Protein chains: 2
Amino acid sequence: MSADPSTRRGIPDATVARLPEYLRALHSFSDDGIASVSSEDLAVATGVGSAKVRKDLSYLGSYGIRGVGYDVDHLAYQISFALGLTHEWAVAIVGMGNLGRALAAYRGFATKGFRIVGLLDQDTRLHGQVVAGLPVRPMADLAGLVGEGLAIGVIATPAESAQDVCDQLVSVGVRSILNFAPTVLATPPSVVVRKVDLSTELQILAFHEQRKAGRAVTLAEVSS
Amino acid sequence: MSADPSTRRGIPDATVARLPEYLRALHSFSDDGIASVSSEDLAVATGVGSAKVRKDLSYLGSYGIRGVGYDVDHLAYQISFALGLTHEWAVAIVGMGNLGRALAAYRGFATKGFRIVGLLDQDTRLHGQVVAGLPVRPMADLAGLVGEGLAIGVIATPAESAQDVCDQLVSVGVRSILNFAPTVLATPPSVVVRKVDLSTELQILAFHEQRKAGRAVTLAEVSS
DNA sequence: TAGATTGTTAATCGATTAACAATC
DNA sequence: TAGATTGTTAATCGATTAACAATC
């Protein structure tokens with residue numbers, strides 16, 4: 001039984017990355033007044049494949065009912081619990097350029113259980129400026145924020161200062177970092193870094209686009 | 001020999017996703033005046049593991065020299081070629097909210113071979129407004145942009161309008177889409193969609209943070 | 001030649017998928 | 001009971017890794 005707590009640890013990374021997607025779909029079903037869904041319903045809503053949905057959910061425990069499906073609200077709660085979303089997480093954003101300001105203004109965080117508790121920048125000229133209702137603060141305020149529960153740091157600085165900022169986050173005890181700067185960060189193994197890189201995403205699309213263009217040329221040649 | 005053109009197709013997805021990272025490292029080496037690097041040098045710069053670096057590069061061909069390493073500029077060119085970055089790609093951004101504006105202002109695109117050729121929004125009140133030097137245009141202008149070479153569409157709208165915008169992009173012939181809206185897009189199989197979701201990233205970090213917090217509690221209990 | 005480093009092999013690991021017994 | 005759908009198994013697939021022969 002994978003509901004056994006002793007085997008409940010060790011949810012595969014690929015599964016963890018899909019859990020937020022299922023959660024979003026479940027919230028949407030709940031908003032539509034749908035109380036129960038099958039793995040096939042979730043598959044259609046997330047584009048994931050019903051066998052994979054069932055396998056993923058089985059890592060959390062046995063929360064479905066054979067012949068019936070999954071209770072929408074109960075499953076949503078179980079996924080939230082597994083992801084650690086049953087309490088709020090405090091987030092700080094470092095780097096108040098265009099991207100940092102956009103992130104600070106983004107409403108999606110609050111509704112998902114993340115609270116922005118600090119906006120920071122190394123540029124003293126920005127200190128005190130109000131962005132999305134919060135004052136921009138100096139890096140020296142980091143330690144105090146950690147005392148207030150800061151758990152996750154978001155780096156939205158240029159590449160050049162990202163490692164320095166990362167070191168400061170790590171030194172005050174932040175162990176989860178979301179990095180938007182286009183650079184690889186060196187951190188101790190205890191720190192988890194996830195990276196979002198806009199140029200990398202476009203480059204991967206370019207690779208596929210080029211392959212499609214290549215095929216189109218081949219077809220054009222064949223048909224001429 | 002994997003340099004054989006007949007086997008050069010079919011670079012694994014995981015490898016494609018790492019090629020931009022190698023390319024960035026190589027540009028950095030080149031800027032520092034370094035002409036030749038080993039797979040170990042690239043491993044350190046990218047955090048990837050030298051065996052994986054060599055395996056990844058072997059899918060492109062045999063561009064290294066045994067006992068010596070890789071010529072920085074030549075390897076950078078080969079990766080650029082494989083990714084389809086030897087010519088410019090035209091990009092349109094749809095959705096001129098905070099995020100869309102930040103993306104429009106981002107300098108990183110231009111230096112990587114992507115040119116923003118259009119900013120669009122469904123809101124008529126924004127039309128004509130100038131963002132990052134370009135006027136915001138109505139969705140009806142999309143078809144014309146495709147005629148001018150538009151290849152990649154970036155969706156930076158709220159979730160509610162993302163599918164509609166996506167359908168419009170697909171209908172005019174855009175087959176590569178980068179989606180920042182927190183929703184799953186339905187597209188024909190010929191369209192490649194990549195998704196960047198800020199909330200999902202934070203939720204994955206929350207999962208790991210929670211596991212660490214759980215361990216810390218256990219340790220605290222043991223040591224008390 | 002001696003030392004260094006690639007490119008490739010083969011073993012291992014982790015993720016996906018189809019099928020179906022269990023069971024509501 | 002008959003129909004539906006889960007949870008799990010086992011096969012398959014793809015990615016990672018260590019080791020080393022090839023070779024500069």
Side-chain angles (χ1 to χ4, degrees), chain A residues 1-19 21-22 25-26 29 34-72 74-75 78-79 82 204 207, chain B residues 1-19 21-22 25-26 29 34-72 74-75 78-79 82 204 207:
Chain A
M1 286 287 153
S2 47
D4 174 356
S6 70
T7 45
R8 201 181 285 179
R9 281 137 219 288
I11 303 176
D13 285 346
T15 295
V16 171
R18 282 187 295 267
L19 291 179
E21 215 59 62
Y22 300 142
L26 288 166
F29 281 123
I34 296 167
S36 175
V37 292
S38 66
S39 59
E40 181 60 25
D41 295 333
L42 276 171
V44 169
T46 59
V48 164
S50 65
K52 209 189 267 182
V53 170
R54 290 196 298 280
K55 188 124 234 292
D56 284 340
L57 297 181
S58 76
Y59 290 111
L60 309 182
S62 274
Y63 300 122
I65 300 171
R66 289 166 138 98
V68 178
Y70 302 86
D71 180 87
V72 168
H74 183 239
L75 185 58
Q78 291 298 342
I79 293 178
I204 294 170
F207 171 79
Chain B
M1 288 288 151
S2 47
D4 174 354
S6 69
T7 45
R8 201 181 286 179
R9 280 136 221 286
I11 301 177
D13 285 345
T15 295
V16 171
R18 283 187 294 266
L19 291 179
E21 215 59 60
Y22 302 141
L26 288 166
F29 281 123
I34 296 168
S36 175
V37 291
S38 67
S39 58
E40 182 59 25
D41 295 333
L42 275 171
V44 170
T46 59
V48 164
S50 64
K52 209 188 266 183
V53 170
R54 290 197 298 280
K55 188 126 238 285
D56 284 340
L57 297 181
S58 76
Y59 289 111
L60 309 181
S62 276
Y63 300 122
I65 301 168
R66 289 165 138 98
V68 178
Y70 301 86
D71 180 87
V72 169
H74 183 237
L75 184 57
Q78 292 297 342
I79 293 177
I204 295 169
F207 171 79

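Note that the coordinates shown come from a computational prediction; the quantities given were computed from them, not determined experimentally. Chain letters run A, B, ... following the sequence lines, proteins first and then strands; every chain starts at 1.
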Can you identify which nucleotide, out of [options], has its nearest atom closest to the [X] side chain?
| X | options | value |
| --- | --- | --- |
| A:Lys55 | D:dT16, D:dA10, D:dT6 | D:dA10 |
| A:Arg66 | D:dG7, D:dC24, D:dT16 | D:dG7 |
| B:Ala14 | C:dC20, D:dA15, C:dA10 | D:dA15 |
| B:Ser58 | C:dT5, C:dC20, C:dG7 | C:dG7 |
| A:Arg18 | C:dT9, C:dT5, C:dT16 | C:dT16 |
| B:Lys52 | D:dA15, D:dT17, C:dT16 | D:dT17 |

Quick one: is B:Tyr70 getting a side-chain N or O under 4.0 Å of the C:dG7 phosphate, OP1 or OP2?
yes
Member of B:Val16, B:Asp13, B:Leu19 meeting the side chain to side chain contact (heavy atoms under 4.5 Å, CB included) criterion with A:Ile204:
B:Val16
Using side-chain heavy atoms (C-beta onward) and a distance below 4.5 Å, is A:Ile79 in contact with A:Leu57?
yes
Okay, side chain of B:Asp41, backbone of B:Ser38: is any donor-acceptor separation there less than 3.5 Å?
yes
Rounded to whole Å, please give me the gap between [atom1] in [X] and [atom2] in [N].
| X | N | atom1 | atom2 | value |
| --- | --- | --- | --- | --- |
| B:Arg54 | D:dA19 | CZ | P | 12 Å |
| A:Asp56 | C:dG14 | CG | P | 16 Å |
| A:Asp41 | D:dA4 | CG | P | 14 Å |

Apply side chain to side chain contact (heavy atoms under 4.5 Å, CB included) to the pair A:Arg18 and A:Val48, showing each step before the final yes or no.
CA-CA 9 Å; A:Arg18 282 187 295 267; A:Val48 164; 4.0 Å; yes
Contact class for B:Ser39 (heavy atom, under 4.0 Å): base, sugar-phosphate, or nothing?
sugar-phosphate
Taking for each residue the nucleotide of DNA chain C bearing the nearest heavy atom, is the 5' side occupied by A:Ile65 or by A:Asp13?
A:Asp13
